Structure formats: structure tokens, C-alpha cells
Amino acid sequence: MSEVLEPTKNKDALIAVMDQCPAEAVPTESPLYHRKLGTRGAGTGAATVSAGELNLLGHLVIRGNAEEAAFCSGIEAALGVQLPETLKSVEGDDVSMSWIAPDEWLVLCPLAKAFAVEETLRENLNGHYSVVNVSGGQTVVRLSGSNAVNVLKKSSPYDFHDSHFPVGKVVTTAFAKTQAVICRKSADTWDLVIRRSFADYAWRWLEDAASEYGLQVTVE
Amino acid sequence: MFYIYCPYCKEHREEEEFHAKGQAHIARPADPDACTDEEWGEYLYFRKNPRGLHHEMWVHATGCRKFFNVTRDTQTYEIKEVYKMGERPSIVAQDQNPTAAKQA
Amino acid sequence: MATQKNRLKSGGRIDRNKPLTFFFNDQPYQGYEGDTLASALIANGVDVIGRSFKYGRPRGIMTAGADEPNAIMQLGATEATQIPNVRATQQELYAGLHCRPTSGWPSVDFDVMGLIGQFFGRMLPPGFYYKTFMFPESFWELYEKFIRKAAGFGRSPRERDPDIYDHMNQHTDVLVVGAGPAGLSAALSAARAGARVILADENAEFGGSLLSCRETVNGEPAHQWVKQAVEELEQNENVLLLPKSTVNGYHDHNFLTIHQRLADHIADKAPEGKARQRMHRVRAKWVVLATGAHERPLVFGNNDIPGCMLASSVSTYIRQYGVIPGRNLVLMTTNDHAYRTAFDWQDTGRKVIAIVDTRQNPTGPYIDEAKNRGIQVITGSAVIQAEGGKRVDGAMIAPISADGDKVTGEGTVLTCDTIATSGGWSPVVHLSCHTGSRPVWRSDIHGFVPGETVQKQLIAGAISGNYSLSGCLKDGADIGLLAAANAGHSTDGLAVAKLKVDELAEGEAMALYSIPHSKPNSRAPKQFVDYQNDVTAAGIELATREGFESIEHVKRYTAMGFGTDQGKLGNINGMAITAKSLNKTIPQTGTTVFRPNYTPVTFGAIAGRHCRDLFDPKRYTAMHEWHVENGAKFEDVGQWKRPWYYPKPGETMQDALNRECKATRDSVGVLDASTLGKIDIQGKDAREFISRIYTNAWAKLAVGKCRYGLMCGEDGMVFDDGVTSCLGENHFLMTTTSGGAARVLEWLELYHQTEWPELEVYMTSVTDHWATMSIAGPNSRKLLAELTDDIDLDKEAFKFMDWRQGTVAGVPARVFRISFTGELSYEINVPAHFGMHVWKKLFEHGAKYNLTPYGTETMHVLRAEKGFIIVGQDTDGSVHPYDLGMSWCVAETKPYSFVGKRGMKREDCVRVDRKQMVGLKTKDPRKVIPEGSQAVDNPNQPIPMTMLGHVTSSYYSACLGHSIAMGLVRNGLNRMGETVYYPQADGSVIEAEICSPIFLDPKGERQNV
């Protein structure tokens, strides 16, 4: 079965690792592509909420044992960041890493670098761990503006108050009738990681909930 | 609507993030094939329904996806204690024998 | 337009420069901004605002708040904006408001039920409906329609509500309920301690009794202090002020719901883009209930004639709204507090005929002042009945005994048009009861106060029996500090500011819950206890005579405190009357408890944004837009929208299915299979883990191979299925049913986390990551070959049940040679970003093969032709693998006792006559047996027939030229070739032969080419 695993450079051939980027560019559609956010007008001047898709990022789910020193140092060596603590997110060059569960983290990076990051992780990690590329399966919606927090309060039962949700915190919680990984990036900026199949629903919910504050759609 | 402390996320979350998974500490028999029908039926179907303290399993479904145990008063709905899978409850009802319950 | 004949020349918190026109029963009236609908109706001298529930008696406005039992309105200028059950006392007036009573069909002035009530009043005792309308049972629906319409409880709109509703989740240290003197003080001190505070009040304006009281605070009118307090709170960014917001429910773990009316005071419809109402869902560390007290009316004969009102409400109308409900007042009271109403009335220049005090010898500053003002005070007496028809025209008073038990002398009639009464105060304990706490009786205040609770709840002010203004202000401030401290805030050095209140000392009140009449209650004019439900004192006595001794039974039998009323006005009087007629004390009799919601909440507010297009998530695949553009009809599978079939112009559904099926069997078809659940499983114990979860064997599945797996619960019943592929020695990709993905992943985690934590395995959902397209049919290999140059598609190199990694249409892909149709078939998985690209490339190259997109319905037909089950359609949780004839999928010799193994060996599971999955071939090849049809052996047997099992899947197969079906039949696997019958609802019977469910290509040659 060597031809099956041949395309990969997996060091122990136990895991089917796969570079999932096409060698040559092909039409690419992010989860909110069909919403044609780029064609929206600039919005009203009074808009106090902005939202847009940070599309086509690399998303890697890391699983491992945070109590193993080798795992922690492997992560640090591979990503240049320390394994984030409970409900925390850390930023490195081109990568961010968010706590999802005691044995699960989400790494975001440029899509083109996803395979390189995965390989670097695999080179630096040993023992029982897993790395799964889920880039096609989710997207990031960035919500900002002075009323962004009120849009979140309409959408999620979580407590978004400054005293409870400082910059750098990340939680996985209910968002309308779906769920989101919500990370506070700055005082007025929040990133929401949403599953692809729910993205249309979550976006339409968000537009509806934000409408009273005036919504400006931002495009990268 | 309960407000449940997740021992893995280390904070309280709204009930809608959790799924209730029934009575806690129900261990799968080590050798199912050796069980009589009655013993297997006990394991499968028979559950306590106490008035008062009850140990329940919950999962933080819309969150860290971890299972854990909750000791709850079924009359007042007070949650007396939350503890991780594999841990023992420190609060038990007078008429419950904690050592008899198998560890899940 | 009627004039505002009862509007005072000055005073009140209304804006006389802003007149508003509104409509009651389509008649125009005028009020002012700041009015409630009730105050505006009173200003216009509208006496009769509805008819009573059972007896159809004319009713007027009784109160000025949430306790109003009569003035219950249907609002809305258009059909779409109808809102039922709005209390006129709580509805702010706006220009163009349209309202009509919810009761009194066909009109308040001519009332069918009124006539019935007059003639048959004696025939309408408590329990009347139970007794009369029960027989014959089949008539109940008819009775109910009439009763509901005649009784009138409002109606919902028949058109879509044009308004937006909203939810908002809140977290706070301290939630203060009620912004009267205690609530405002509590909020102030909690906020000063640095706590996050929410202050909610059901009224438009904060202040509660401070807005209409006679007392001054720090030498100024009390509303000045309110203004300062609100200003201070507004400036604190940790304080959220919610006026027009009713805290309706107090739920577990200090979760409370608040119904905020954002635009109900503006117009019939909210301004464009703005929410009409908002439900706040609050999680509070501590709750301070400062809900105050409701005044108790006194129960006497004809006490429902319009013009009978609560004393404090009369004061509120005068002082807060500048309206007076009549000309000549008789005040009946058991306490000093109500004397203010007489003073307020007299201050407007209108006449107080008398204060009738039920106490024998009341003394003190209030009595002195009344005398100084020249008001006649008649002591040791009571109003035993009101005189009048549609309006009070007199009050019959009589001396009563010291204990209030009986009338001791002749009655005389005082001419008047208004009778205000006060029987003291009942703390508003409703919220404290919502989580199951029982209120406790305090004989010193003649009222129930909140009992013990497990909630983090404090009470302040009148709810705790503290009825003096200075007491409420101080209590609130102290409790506010305590709440902040309990929530973790330091209150060191925070002293409670002492406020100077000028108030007169009140003497002792008399405990009196019903006024005696010279006749026994059963013969006296009706003495109403619960106005909304038409429960009288005599009715309660009758209920106890009939043997209802528990207060809960009395409540249910009489309907006291039912429905939207929740016993605000009448419950205490009712309990006291019950206690008295049972010769018990009130604490012995106890109280019923109150349930959410405190006042009615609109369905709009409950639904919030979760309606219409956002009612439920719709999940889409990466190729969804293509399906839409190509005319697909969609089917809901869980939350997924899956293409069902793709009709061409002029095609029926069956035409489309026939075409899709034949194109696939003849050449090649393609299905969007992205919705299948996909779970990536990694770890050195992945194989062992899968072996324990699935029923079949996995030990020898080589890298590069795929296998169908069956998953059972511990009861041995089939629970999910799918193909799992070995991607690497420690790496598997499991697929699940579309609807079962989340459930299966949670199931795997359950076993991993609770039973086998020692197994080294990690599971990650990749359902959304991979776009999956399944090409099936004899030309699928040729088509795929055009899109890949790095996968060897030779049938020997890439066999059935193999998978390969390579490039499809320039995109890295995993291709699985598996088949759910029985055809040569490939399932192409690419990262979802590229799904649309690859899908379109398939069609670019597929045109010459007549590549045909097919949906779930064709998929169902094609798989049924092959006898493949669909979990959830052919199984229902009572079917194990042997029932399905799938013993080949159970590896009994696996070393570990896999999940479900023991279960399927239970005595009941090994019976020979279980229902088993078989194929069914109808005698008439064109007849398709409806799914769900029940099999019987003899269709001529009497009903109920002995049923043998039901049809689970049934279709017309265009490829085979006859109908096919699968179904469960008792002992079916041993009955091949026998005939069973399917009787139909229309009396016809469909005859079918039991056969193998594999209708097409039993040897599986087509998929192995």
C-alpha cells in the first residue's frame, strides 16, 4: 500500500498526512462566498457594528496531553508560542492558538501555510497526539464596533463583560442555535469561528441582530 | 435553566451548553458476556430516581465536549458539587453508599 | 369626541400640551402623553370597560397596575398588530391606539352572557363548567368554542405580526426587581459598592409609590428624590436601567426573564428596524425583590359595580395622572393608610361623603386630620353592598361587630358614585414562589411574605411587610449593600445615607377579608373575590361545603387565581374566606403558589429572533448554490438542506426520479454526499476503539481499504452505520449518517471518556471540512479518469472497497471506491473550499456521459433496489442486525465484547418470531405500498387485526419496471415466497410476496466491474 501513502512525507507512515492545497490555483469558495459580502455597499455612516469574513485561513485542530512536558515544548518549538492556558488564546508570527478543551487547541494560520505548519508540528511532536486539518470546514467572522458586544449578547448566553471576558480570552459557546468559538481580539473586536454548514445561518442571524445598530460589512 | 460549573473550562456556563446524560457511576460490566439477562437489564435500564441528592453525568456539548459528574438535589435543583470523570463525590446522601457505586 | 370630564385642571405627571387621540370600541377619545390607557378612559368617564367572565356583569377599572382584573384589552389597529390580554392600567397611551375589551361579546353594552348570567346566575355555581359541559363528552369541543368566545380572553392575530422581537442575555451581580422606594435605594447602594446592577420596573417611570405619595423626602416632593436617584444610576456604566420591563419569571439558579416593552408606547407598530419588545434572559448572582405590595380590596355585596375601586389606585389616578374617577367618594378602610385617598380626593375640590372605618374606635393623626378636614368618619361600620347598575350610585353602610363577623344594625344608603376600599396590603410574593418556595403568613401584617428559598434572593421594602416609606428607603439601601457584598464587592466605608421623610404614624389595622351582609353570603348580592374569574365568597363557601378542603382543590374547583390574573387581587381574601368557612386559621389553610409568568408575555417576545427564516439553522453544503441554480427541490435531513430531486420543466416528481435512476444505472449520476458525518480518528488504539464500537471485525482492515460498519446501542439495536476507511495504521476516517453525525461523535466520546480512557485515540469532526460527491454508474470510471492523472483507476489497482489519495480536477482528494447504489461508484472527497470547483468540473467533463445530478429520493430508490438499509428509516431503535438479515456484519468472535453484543443476546432478542427485514414485491407491479402500512396474514379478519410489521421503504423502480418495498414482517426471513396483505385506510388491500430485499444484481457484479 505504499502508493497510498506515497504522496505524504509522514515520518512514521501511521497517519495519512496530506497537503490539501492545490498545486495550481483553482476557484476557491469560502463558507460565506455565496453571500457576496464584497459587493455590499459601504453601509451607513452611523454604523456601530462591522462584520466581515476572515476567509480562507488554515484551521488545524491539535489534540494532545498538556501535562506532558514534551508535548508542550514540541508545540512551542513548532509554533513559537506557548501552549495557551484554559480559555486563553495566544498569538505568534502568522499563527494563533486557542484553547478549546483541556486536550484540544485550534491553530489558525494562512491557508497556504497550513500544510507546512502541520508538518512542523508532526516533526516536533511525539507519542499520542493528533493534528487534523479542518480548514475547509470552518471560517472566521470578525465582529467589531462599539455595539459588537450587544450583538453578541443577543446571540449567546455567555457573559461578555470586560470583567469576565478580557482581551485574549476564548470560549466555545452557544451562538443563536449553533455554536461558535469566540475570541476577544481587542476592546471592540471579536473573532467568531463558525462551522461551514452553519455559516450562512450564523451570518444572517448576525446581520439581523446587528441591524438596529447599523451594520457595516467589511471586506478584507 | 441551570447554571453549571464545567470542571474543565473552570467556569459556570448556561444549561443550553450541556446535555444531561443520566445517572452517574454506571460502569459497563467488565465481562458483559458473563452477565445474566437480569444483570444486563439492570445495567441497561434500571436507574435511581431519588428525591434529594442525585449523581448525574453531564457533557459540555457546546463547549469542551468533556463528560463530568454533577451532584444535584432533585427537589431544590441545587447543584452541590461538580467533579471530573473518575473522581469520587465528596457529598453523598445518607442512605447512599458511595463505595457501592462503581467508578465510571 | 367626548370631553375629558374627569380630568383635573392641574397636577399629575402627564403633559397637557400633548393631547393624544385613541379609540375604544372604535369610538375616538382624547388623553395626554403620560397617561395609561386606563387613566385616559377614566378621564373620559368611561365606566364600563368590559363584561365579567362568567356572569357577564358590567365591569370598570379597579386598580392602577398589574393587579387589574377587569380592564383587559385587545389592542391593535390592524389585524396583524393584534395583541390580546393587555392590562389598560399598564398600557401607555399613544396617538392612534385602538383597543376593545377582550370580554363582552358581542358588545359591552349588550351582552349575551350578561343575559344568561342574569337568568341563570344561580345555575352557575363553582364547578359549573365541570358539572354541566362534561356531558356528553363529545359535545365539549362545541361548548368550549362558545364559552371561550362568549367569555372572551382575547385572540391572537390571524395575520403575520409585522414587528421584530428580540432577546438579550444579561449577567449581573445584583438584579433589583421593582424601582419603588426600596428598589431604587437598593440599586443605589449596590451600584455605589461597585456591583454590576440591573434595575427593572414594569412601569414606564421609575419611582413606584414615590410618584404619587403625599410624603416628602428631604423636604422635597418624593419624585424629586426619584429624579436624583435615577440620574445617579444612569451615570454609572455598570448599571442597566430597564423601565417598562416586567420581571416575569424567576427560574432555577437565579435565572430570570424580563419582558421589556421597547415600542409599545409609541405606536401600533414599532419604528422600522427597531424591536417592539425584548426578552432579557438574566443570570444574576443575587436578586433583590423589591416588588412592593398590592392593596387588598374589601369583599362586599355588588363590589364589582363600576365605581368600586382600590383606595390607593384612586390616589394614583389623582396624583400621578391628574384624573379623578368620580364626584362623590365613600371610602371604606380597615387601616389608616387609606385615609390618604380621602385627603387626595378632597384636595381636588370634590366631595368625600364619608370614611367608613371597620374599626370600632380608631385613633391617631390620620383620624385627627380627617376630622380637621371636616370629613365624616363612620367607625365600626362597613359598606355591606354597593347600589347601582352600570355605575355605583350609592353605598349601603351598616354597623358591624368588632370581629367583623356580622352586621349588627340597620343599613343606610349613602349617595355616592365611587366606593374606594382598602383591606390592607399583600406583599407581592409571586416571583419568590416561581422556584417552589412557599410563602409564610405573618399575622402582624396580615399577609404572606416570601418563605425560605434556595435561590440567592433578598427582599426589601413592602414585600417584607415593611410598609412605611422611611422603612422602605432604609431597608432597600441596607439590602442593596448586602447584595453587593454577597456578590463579592467590598462595602467597607459605605454608609447608608439617612433620608428625612415626613410621615404620619399609622395605627393598627384590622384583619378583615370579607364584609358581612345582613343576609347570608349565599343570598346576599354577589361578593366578588376574584373578579377576573368571577369567583365569589359564596362560591368559595359552597366549594368547602362540597368537601374541597385543600386550598389547591378550592382553587381548581372555583378557578380562583387562575390564568393571567394569578391571584394578584383576590387570593388572600379567598384563602381567608376558605379558612374561615373551614374553621381554620390562614396559616393552617396555607396558600396556593404563583407560577410564571407574572403578567402575560407575547409570543413574539418569547420567540425573539428565532422565527421565520431564522427559526432553525439551515445547513448548506459547499455545492448548495449549484443545486439552487439547477432547480433542485430540497429535503430536510436534520438541519441540512439536501437536494431531493432535480425536476426538469414539465416533469413530475416521479418523472424526475425515473430519469435520474435510469441515467445513473445506464451511464453516470452524481450525488452531493457532503452531509454524511465524517470523523477523523487518530491514535495507536484507533483500530481497537473502532472494533469495540462497531459490531463487525476491523482487525485485518488494511491501509487503503474501506469497510461498512454497523453501530448498535448496548441494547443491541442498530443506532448508526457507515463506511470507515483505514487511512493509516493509526488513522481512520469514519462516516456516519447525515442526521447522526453529532450523536455518533458524542457516543464515541462517551465511551472514550467514561469507559476506555486508557485507549490512545482522538476523534475530530471533519464533516464540514470535506465536500463529498458520489459518482455512480457504469461510466463513472471513465468520467473520473478525465479528471485525475495520479490515481490508477485500473480495476485491479483500485478495487471495490479501496480508497486512494490523489488529485481530482487539480485539487488534492481522497477517492473512495464504495457504492450505495450497487453501481461502479467513487466517492470523491475534497476540502470544501474547492467543492464547487470540482463539482462543476465533473459536469464539464460529464456532459458526454449524460452526467445526471440526483437527489436523496433517487438515492433511496437506488439503494432500495439493492436492499441497503437506511438507519432511521428502515430501523427505529427496535431492530438488531439479525433482524435485518445482517448477521454477516456481526463478528461474534471478536475478543472484546463490543457495544451491543450482549444486548442482542437477550432472551427477547433471540426469539425466532421477531419482526425481520424482508423485501416485498406487490402482486400488482404498479402498486406502491404506502410506507407505514401494516402487514396482516388475513385481511378479512375482524378489526383490530393481528399486525405483523410495517413497510419501511417503498418506491416505484423504473429500472426494474415494478414497485419495490422493504419492510419488517414477523418471522419474515423464514417466510420467503409467502403472501402478506396490507389493508389501506380506504378499504383496499395490497397483496405482496415476501422476497429477498436485494431486487437488483444479487451477486454484486455491477459494482465490481
Side-chain angles (χ1 to χ4, degrees), chain B residues 1-5 8 11-45 57-62 64-70 72-80 84-87 102-104, chain C residues 169-171 249-257 281-285 435-437 452-456 692 713-717 742-743 745-758 762-765 892-910:
Chain B
M1 288 284 287
F2 296 167
Y3 202 39
I4 302 171
Y5 183 83
Y8 297 96
E11 60 179 29
H12 281 86
R13 297 291 183 94
E14 294 294 329
E15 184 179 334
E16 63 193 86
E17 293 189 14
F18 299 88
H19 294 170
K21 304 301 285 186
Q23 187 179 329
H25 305 296
I26 299 204
R28 193 173 192 259
D31 185 0
D33 298 342
C35 290
T36 64
D37 271 8
E38 194 177 342
E39 286 165 343
W40 193 251
E42 280 287 328
Y43 161 64
L44 261 186
Y45 298 118
M57 186 160 68
W58 287 72
V59 59
H60 192 183
T62 308
C64 65
R65 301 194 293 122
K66 294 289 176 250
F67 290 77
F68 59 95
N69 297 316
V70 167
R72 186 170 69 87
D73 187 318
T74 59
Q75 274 181 282
T76 63
Y77 292 180
E78 278 175 291
I79 291 176
K80 302 286 191 184
K84 291 179 182 177
M85 217 33 73
E87 292 177 352
K102 283 186 197 163
Q103 190 157 328
Chain C
N169 299 287
Q170 306 283 2
H171 294 259
Y250 193 153
H251 306 275
D252 297 307
H253 300 183
N254 267 22
F255 180 77
L256 297 96
T257 47
R281 307 166 79 244
V282 184
R283 189 65 75 175
K285 283 186 184 153
T435 56
S437 164
E452 270 186 45
T453 179
V454 297
Q455 307 298 331
K456 293 184 164 63
R692 294 181 183 189
E714 290 284 18
D715 56 2
M717 302 303 158
R743 191 171 63 233
L745 183 56
E746 193 171 288
W747 179 249
L748 302 185
E749 288 289 351
L750 170 69
Y751 273 87
H752 183 224
Q753 291 179 35
T754 67
E755 293 294 344
W756 314 315
E758 71 282 2
Y762 285 125
M763 275 85 61
T764 305
S765 169
E892 293 190 23
T893 55
K894 281 199 283 190
Y896 193 89
S897 183
F898 59 84
V899 177
K901 182 184 178 189
R902 179 64 187 83
M904 60 184 88
K905 295 292 176 203
R906 281 177 302 139
E907 190 184 337
D908 185 62
C909 292
V910 296

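Since this is a predicted model, take the numbers as computed values, not measurements. Lettering of chains follows the sequences in order, A, B, ..., and the numbering in each one begins at 1.
Side chains of T453(C) and Q455(C): a donor-acceptor N/O pair is absent below 3.5 angstrom, by distance only.
Interface remark: H12(B) contributes no atoms to any contact with chain C (heavy atom separation under 4.5 Å). Both the backbone and the side chain of L750(C) come within less than 4.5 Å of a heavy atom in chain B. Using a 4.5 Å cut-off between heavy atoms, I4(B) does not touch chain C at all. Using a 4.5 Å cut-off between heavy atoms, H171(C) contacts chain B through its side chain alone, with no backbone atom that close. Proximity to chain C (any heavy atom under 4.5 Å) is restricted, for K21(B), to the side chain, taken from C-beta onward.
For Y3(B), there are no side chain to side chain donor-acceptor pair (under 3.5 Å) partners two or more places apart in sequence or in a different chain. With sequence neighbours excluded, the residues that form a salt bridge (charged side-chain N to carboxylate O under 4.0 Å, His left out) with K285(C) are D173(C). By the side chain to side chain donor-acceptor pair (under 3.5 Å) test, N254(C) pairs with Y250(C), sequence neighbours left out.
Proximity to chain C among residues 36-43 of chain B is limited to T36(B), D37(B), W40(B), Y43(B), judged by heavy-atom separations below 4.5 angstrom.
Between E755(C) and R692(C) there is no salt bridge, since no side-chain N of the basic residue sits under 4.0 Å from a carboxylate O of the acidic one. Classification of R28(B) and E714(C) as a salt-bridged pair holds, one side-chain N sitting under 4.0 Å from a carboxylate O.
A heavy-atom distance below 4.5 Å is found between the side chains of K905(C) and E892(C). When side chains are defined from C-beta on, R72(B) counts as touching F2(B), because their heavy atoms get closer than 4.5 Å.
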